[in-house]
Structures are given as structure tokens and as C-alpha cells.
There are 2 protein chains.
Amino acid sequence: MNIKEASQITDVPASTIRYYEKENIIPAVDRNESGVRDFDDHAIRRISFAKKMRDAGMEISTLKQYINLFDNVEDSEDEQLALLVEQKRLMEEKRDKMQEAIDHLAHKIENFDTHMLRIEDELRSMKANKKERL
Amino acid sequence: MNIKEASQITDVPASTIRYYEKENIIPAVDRNESGVRDFDDHAIRRISFAKKMRDAGMEISTLKQYINLFDNVEDSEDEQLALLVEQKRLMEEKRDKMQEAIDHLAHKIENFDTHMLRIEDELRSMKANKKERL
DNA sequence: ATAATACTTAAAGCTAACTTTAAGGCAAGA
DNA sequence: TCTTGCCTTAAAGTTAGCTTTAAGTATTAT
């Protein structure tokens, strides 16, 4: 499979796939005789994993760490597990912050009428003030 | 309250507060006779709101849109409500993506032993392959 | 055979969101 | 009075994460 197909399947731009390969976020992809990339299932899965983590806000540098750790299998398993656990914790923290913001917006939406009246009141009093000052 | 205190209370760097003011993400802050900013409750609330939305991944440009809409009260209420609803939807979408990634990591953590064995297997077969080729 | 479309690389360019720097002003304490 | 530690601005610098460009090669369709 060439890079265009890989891009369509994973919904990651070809330029980004090349960039990910250069940055070692995905392993070096196989090439045919003329140097053209040939993506297999494994490659596709690695791209999809990278996308999923990026979409969830994991930084490139962390993703790289994670992958290097797993590529050097000699590294301590504890360290690998710890990284997984830590990243999960960070993501949960971020998810909770998002939930807070969602709740905040939901509240504003619910009280929209009241909210609008308050703003209009403020505006009226501002205009009154302006006239007084003239 | 000066910018340092405001920064401590909101946990937003002073430089960022100045930047937010310049970009109209928060309203122009009051100044004393010598031009030094004097933050009141309202200002603090606006900074905290901006922080909350930024932490949840809302872009500066969207935040600006949102605020401009509310500052020009003449703008259609429908438009304002629509923006709120749309932003809430986007955030929920993002939150769900995060949840997926969290689940993915949770799965890896749970099956860590198995996962490690598989990796070690792969490594062994790679090494075997290498020897064959010599 | 030629045109259109793919692919390749390295390097430069871009955008968002700050952050730092430089150069100076004010106010309080030793 | 001098030093310390705030404050101010405008402008330049930084970082992440791509994206675009330029220049060339290969494959496919007509």
C-alpha cells in the first residue's frame, strides 16, 4: 500500500506520515526497489495509534519516549509500565478539565435568557451613566 | 490588586495576562494614576474563564469570537447561543476522543505482561532471522 | 510517446500561543 | 540617595507540529 492509501485509511496527511517516520514516531516503513514506501498492517496500526494519542493531546515528545522505550526491549519493564500509567493519569486529568469547561458552557446555555437580561441591564446602566456624565 | 497577585490567584503568568488584554480576550483592565493595572473581581473572573476554556482546548480565536459577540450586545442572541452550543459540542467530541485514548492505555496496562511477552517473542524471532541471514 | 499523477528528499515556511528582552518609570526601605 | 523590586511597553524570539516548496524520479493512462 502506498502513502496515499495509508493516508486515506488512517486519516493522517501523507506529509505528516513522512514527518512521523523521520521523527521515529512510527518505525521505518518498508520500501520497494525504487525507494517508494510500502505500508503493511503493522505500519498502519502504528500510525493510527499515533493519531489516537495525538488527538488525545499527547505530545510528540512523549509519544517518542514511549515508543523508544518499547523499541529498546532491554529497558526496564517497570519504566514502561510507569510511563503508561503516568500518561493515563495525565489524560484523565485533562479529560476532567474538559468536563468542567463543558459544564460551565452547559450552565451558560441553560441560563441563557437570564444571562442575556443581565447583560442588557448592564448595557442600559452604562448608557445611563454616559448621559449623566455629559 | 496588581498583576502579580492577579497572576498568583488565577495561575496565569503575568505576561500571558498582558497578552490576553492586548488580544481582547479579557477587557481592558483599570489603571491607577501612574498607569499600573489594578485588577478587580470582574477582571479576575474573566481571566479564570479564559484559563478554563484554554485548558479545555478552546482556541484563542474562538475565545475572542465568543467574547466579541457578548461585548456587542446588539448581535443576535441566536448567534451567541449557537456559539455556546457549538463549542460545547466540540468539547464533548474532544473529551470522547480522550476517553478512547485512556481506554486504549488502560487496556495496554491491563495486558502488560502478555504484551511484554509478545514483544520479547518478536525480538527473539528478529534475532534468529538475523543469524540465518549471516 | 507524452502527459498526468504519483512518489522521493531536504529545507524553508507557517501558525498559534505565548515568552523574553530591552529600556525605562515609580515607590518603599536602608 | 541608592538599591530593590515592582510595574510599563513594543518588539523580537521561541516552541510545537506540522505544511509547503523545489527539484527530481517513477508509474500509469491515453
Side-chain angles (χ1 to χ4, degrees), chain A residues 1-40 43-44 46-68 87 90-91 94 97 101, chain B residues 1-26 28-40 43-44 46-68 87 90 94 97 101:
Chain A
M1 172 190 326
N2 67 12
I3 201 167
K4 202 185 184 189
E5 285 178 87
S7 163
Q8 283 161 354
I9 288 176
T10 58
D11 196 27
V12 174
S15 60
T16 304
I17 295 177
R18 293 200 188 94
Y19 167 72
Y20 282 179
E21 190 187 2
K22 204 176 56 183
E23 295 290 316
N24 299 316
I25 282 153
I26 58 166
V29 179
D30 290 344
R31 307 291 182 119
N32 68 12
E33 330 77 46
S34 41
V36 172
R37 288 179 186 80
D38 184 19
F39 294 80
D40 62 4
I44 297 294
R46 293 285 291 257
I47 296 167
S48 297
F49 176 72
K51 182 181 166 54
K52 186 178 264 178
M53 294 302 140
R54 287 290 301 124
D55 282 353
M58 189 187 273
E59 285 172 25
I60 292 285
S61 61
T62 310
L63 201 44
K64 214 186 282 190
Q65 252 185 73
Y66 171 86
I67 278 153
N68 286 341
Q87 283 307 306
L90 282 175
M91 281 189 188
K94 220 172 164 187
K97 282 200 173 181
Chain B
M1 171 188 329
N2 68 11
I3 202 167
K4 202 185 185 190
E5 284 178 89
S7 164
Q8 282 160 356
I9 288 176
T10 58
D11 196 29
V12 173
S15 59
T16 304
I17 295 177
R18 291 199 190 95
Y19 167 72
Y20 282 0
E21 189 187 3
K22 204 176 56 181
E23 295 291 314
N24 299 316
I25 282 153
I26 57 167
V29 179
D30 290 344
R31 309 291 183 117
N32 68 13
E33 330 75 49
S34 41
V36 172
R37 288 179 187 80
D38 184 18
F39 294 80
D40 62 4
I44 297 295
R46 292 285 293 256
I47 296 168
S48 297
F49 176 72
K51 182 181 166 53
K52 185 177 265 176
M53 294 301 142
R54 287 290 301 124
D55 283 352
M58 189 187 273
E59 285 172 24
I60 292 284
S61 61
T62 310
L63 201 44
K64 214 185 285 190
Q65 253 186 71
Y66 172 85
I67 279 153
N68 286 341
Q87 283 308 304
L90 282 174
K94 220 173 166 186
K97 283 199 171 182

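In what follows, chains are A, B, ... by sequence order, proteins preceding strands, each numbered from 1.
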**Item:** Closest nucleotide among D:dC18, D:dT19, C:dC18 to the B:Thr16 side chain
**Value:** C:dC18

**Request:** Indicate whether OP1 or OP2 belonging to C:dC18 is found under 4.0 Å from a side-chain N or O atom of B:Tyr20.
**Result:** yes

**Request:** Map B:Glu33 and B:Met58 onto DNA chain C by nearest heavy atom, then report which one ends up closer to the 5' terminus.
**Result:** B:Met58

**Asked** Looking at the side chain of A:Pro13, which of D:dC7, D:dT19, C:dT8 is the nearest nucleotide?
**Response** D:dT19

**Asked** What nucleotide among C:dT9, D:dT8, D:dC18 has an atom nearest to a side-chain atom of A:Arg37?
**Response** C:dT9

**Asked** If you look at every strand shown and take non-hydrogen atoms under 4.0 Å, does B:Glu23 touch a base, only sugar-phosphate, or nothing?
**Response** nothing

**Given C:dC26, C:dC18, C:dC7, the nucleotide with the shortest approach to the side chain of B:Ser34** = C:dC26

**Prompt:** Between C:dC18, D:dT8, D:dG17, which nucleotide has the shortest distance from any of its atoms to the side chain of B:Arg31?
**Reply:** D:dT8

**Prompt:** A:Arg18 CZ to C:dA12 P: how many Å, rounded?
**Reply:** 18 Å

**Request:** Starting at NZ of B:Lys64, measure out to CD1 of B:Ile25 and round the result to the nearest 0.5 Å.
**Result:** 5.5 Å

**Fill in**
Regarding the side chain of B:Arg54, the nearest nucleotide among C:dA17, C:dC7, C:dT9 is C:dA17

**Side chain of B:Ser15 - closest among D:dC18, D:dC7, C:dT19** = C:dT19

**Item:** Pairing of A:Glu59 and A:Arg54 as salt bridge, 4.0 angstrom limit
**Value:** no

**Asked** Among the nucleotides D:dC6, C:dA6, C:dT8, which one has an atom lying closest to any side-chain atom of A:Asn2?
**Response** C:dA6

